[in-house]
There are 2 protein chains.
Amino acid sequence: MTSASDLASWAALLADETRAAICLALLDGRAWTAGELAAHTRVAPSTATEHLHRLVAGGLLVERRQGRHRYVQLAGPSVAHLLESVSAGIDGRAAPPRGLRAATADAALRRGRTCYDHLAGQLGVAVTDAMTGAGLLDQSGGFALTPAGLAWFTDTLGVHPEALRPGSRPLARGCLDWTERRQHLAGTAGAKLCETFLHHKWIERIGSGRAVRLTPDGRSALRDLLALPDPD
Amino acid sequence: MTSASDLASWAALLADETRAAICLALLDGRAWTAGELAAHTRVAPSTATEHLHRLVAGGLLVERRQGRHRYVQLAGPSVAHLLESVSAGIDGRAAPPRGLRAATADAALRRGRTCYDHLAGQLGVAVTDAMTGAGLLDQSGGFALTPAGLAWFTDTLGVHPEALRPGSRPLARGCLDWTERRQHLAGTAGAKLCETFLHHKWIERIGSGRAVRLTPDGRSALRDLLALPDPD
DNA sequence: GCGACGCTTCGGCCACCGCCGAACCATTTC
DNA sequence: GAAATGGTTCGGCGGTGGCCGAAGCGTCGC
């Protein structure tokens with residue numbers, strides 16, 4: 001069972017505001033360089049270096065050296081999922097944000113965003129619901145891709161069948177949305193879906209954060225592929 | 001959305017080993033006095049007081065003054081659930097415990113324990129499975145009590161129907177078990193189940209921790225009520 | 001009322017940690 | 001090669017926070 005020191009040392013990693021900001025930024029699933037994170041959190045590069053050391057040593061992050069860059073990202077879906085859980089749990093009793101800028105940024109996030117490596121927000125929930133309605137996804141006993149769903153991924157989206165083989169990571173998993181209080185599709189299938197959407201420019205990122213926007217192309221694609229009416 | 005400072009200040013509450021130990025102790029769902037927690041964590045009473053102040057101010061704990069005692073317990077099921085999630089997430093990559101005492105304590109916890117206010121461990125999972133098999137619980141689409149299950153609670157266990165009215169807390173909810181990697185029954189029904197078992201002395205606590213043991217009475221009760229073969 | 005008890009407040013000590021700037025190293029560019 | 005860029009190491013500063021013991025305060029038992 002978890003010892004108090006395990007829990008404390010794990011929590012200590014997130015207990016610093018700068019490290020927390022780093023982890024939240026990395027929740028977009030992408031790899032960031034040390035310099036980008038330093039600029040994003042407004043600390044000196046040397047300070048960012050120390051934080052990254054601790055986060056990597058603590059197992060929350062993994063790094064990849066490439067030339068003179070040091071890329072870091074979350075250590076895996078389980079870490080991302082845990083962070084999302086904590087984040088959602090805290091939001092449960094948080095007050096609404098103040099200020100217009102915060103409010104509009106929040107609205108964009110509610111509308112659509114990436115959650116580690118898959119789609120979330122109203123967009124993620126809408127797509128998940130549409131897939132369920134179309135018989136591609138079976139939510140009756142946990143989350144599972146139907147045979148039709150599997151075919152839809154390979155034939156319609158053009159995802160390589162090899163990429164959808166069951167591995168250590170579940171193919172389809174539900175992920176609780178902290179804005180919608182609904183499940184959306186996660187797991188390998190969720191990641192591939194998001195990847196495809198980005199690749200086809202059906203969605204595009206807003207600024208440098210996690211928020212995404214449905215493009216006109218994406219609108220018609222969703223209508224054609226999933227009979228999804230325009231989400232407002 | 002969660003700001004970095006929210007996340008950091010929340011994590012800071014758990015980032016101290018003493019406070020982490022307090023929270024883990026309170027995961028048994030009971031109310032502890034300040035003195036008990038001081039003794040349990042081996043710090044001076046004055047130190048425990050400060051920690052309790054911070055935990056209450058942070059919303060993780062609630063307190064109830066009673067005479068010269070200060071009783072404190074987790075602020076609610078959502079807090080307990082969040083703590084369990086984090087705990088389980090950390091255990092995901094933790095090493096097995098060292099030493100005989102730790103090993104036997106761990107075995108007892110694996111066998112049966114309370115998880116905030118409901119049953120967990122092998123016992124919790126076994127009861128949950130038996131209820132599902134007997135048609136009392138429907139796990140096909142989330143966790144839900146069947147009509148037969150509702151009747152079983154009121155007629156067989158003698159739980160007052162008022163207590164099972166849907167409120168803000170879900171009646172039946174799945175809670176992921178960190179030892180069994182399986183779901184067990186949580187929510188109001190899970191709490192009432194555990195309460196009844198304790199009341200009838202079908203289970204009893206081992207020592208002062210979260211571990212519980214099935215009594216001989218409990219064994220026969222489970223056989224009669226749920227056709228559950230003796231769990232080894 | 002008096003003492004025992006449980007908890008709290010206060011003052012002070014000490015360790016830790018986050019931060020920065022300066023110097024340094026490695027890679028890339030010119 | 002020299003300059004520019006990205007990252008790291010190191011030393012030092014200051015704030016925070018955990019801890020204790022001593023003193024204080026309300027409650028309970030006799």
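Chain letters run A, B, ... following the sequence lines, proteins first and then strands; every chain starts at 1. Just so it is clear, the structure is predicted and the values come from calculations on it, not from any experiment.
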Counterpart residues, ring pair (Phe, Tyr, Trp, His ring centres under 6.0 Å), relative to [X] (two or more places apart):
X	answer
A:His53	none
A:Phe197	A:Trp202
A:His118	A:His184

Requested in this report: For B:Arg213, check side chain to side chain donor-acceptor pair (under 3.5 Å) against everything at least two apart and list the hits.
Outcome: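 Expected list: B:Glu204.
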In whole Å, what is the span from the [atom1] atom of [X] to the [atom2] atom of [N]?
X	N	atom1	atom2	value
A:His69	C:dT29	NE2	C1'	12 Å
B:Leu55	C:dT8	CG	C1'	16 Å
B:Glu63	C:dT8	CD	C1'	12 Å
B:Leu52	C:dT9	CG	P	12 Å
B:Tyr71	C:dC7	OH	C1'	13 Å
A:Trp32	D:dG7	CH2	P	13 Å
A:Arg70	C:dT28	CZ	P	17 Å

Within the distance-only criterion (no hydrogens, no angle test), does the side chain of A:Thr41 pair as donor or acceptor with the backbone N or O of A:Thr18 below 3.5 angstrom?
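Pair absent, no side-chain N/O of A:Thr41 close to backbone of A:Thr18.
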Enumerate the residue pairs fulfilling side-chain hydrogen bond (donor to acceptor under 3.5 Å, both in side chains) with a member in residues 188-197 of chain B, sequence neighbours excluded, ordered by first and then second residue.
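Of all non-adjacent pairs touching residues 188-197 of chain B, those that pass side-chain hydrogen bond (donor to acceptor under 3.5 Å, both in side chains) are B:Lys192-B:Glu195.
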Does anything in [range] form a salt bridge (Lys or Arg N to Asp or Glu O under 4.0 Å)? List the pairs, not counting sequence neighbours.
range	answer
residues 11-24 of chain A	none
residues 114-123 of chain A	A:Asp117-A:Arg169
residues 69-78 of chain B	B:Glu63-B:Arg70
residues 37-62 of chain A	none

Hey, what are the protein-to-nucleotides 24-30 of chain D N/O distances that come in under 3.5 Å?
unit_1, atom_1, unit_2, atom_2, d
D:dT27, O2, B:Arg68, NH1, 3.2

Starting the side chain at C-beta, find the nucleotide from D:dT8, D:dT9, C:dC7 nearest to A:Arg65.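 Side chain of A:Arg65 sits closest to D:dT8.
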Nucleotide by nucleotide, nucleotides 11-20 of chain C touches protein heavy atoms under 4.0 Å in the pattern (B base, S sugar-phosphate only, - none) ------SSBB
- What is the bend of the helix from C:dG1-D:dC30 to C:dC30-D:dG1 when you compare the axis at one end with the axis at the other, using five pairs each and rounding to 10°?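 Between the axes fitted at each end of the helix from C:dG1-D:dC30 to C:dC30-D:dG1 lies an angle of 20°.
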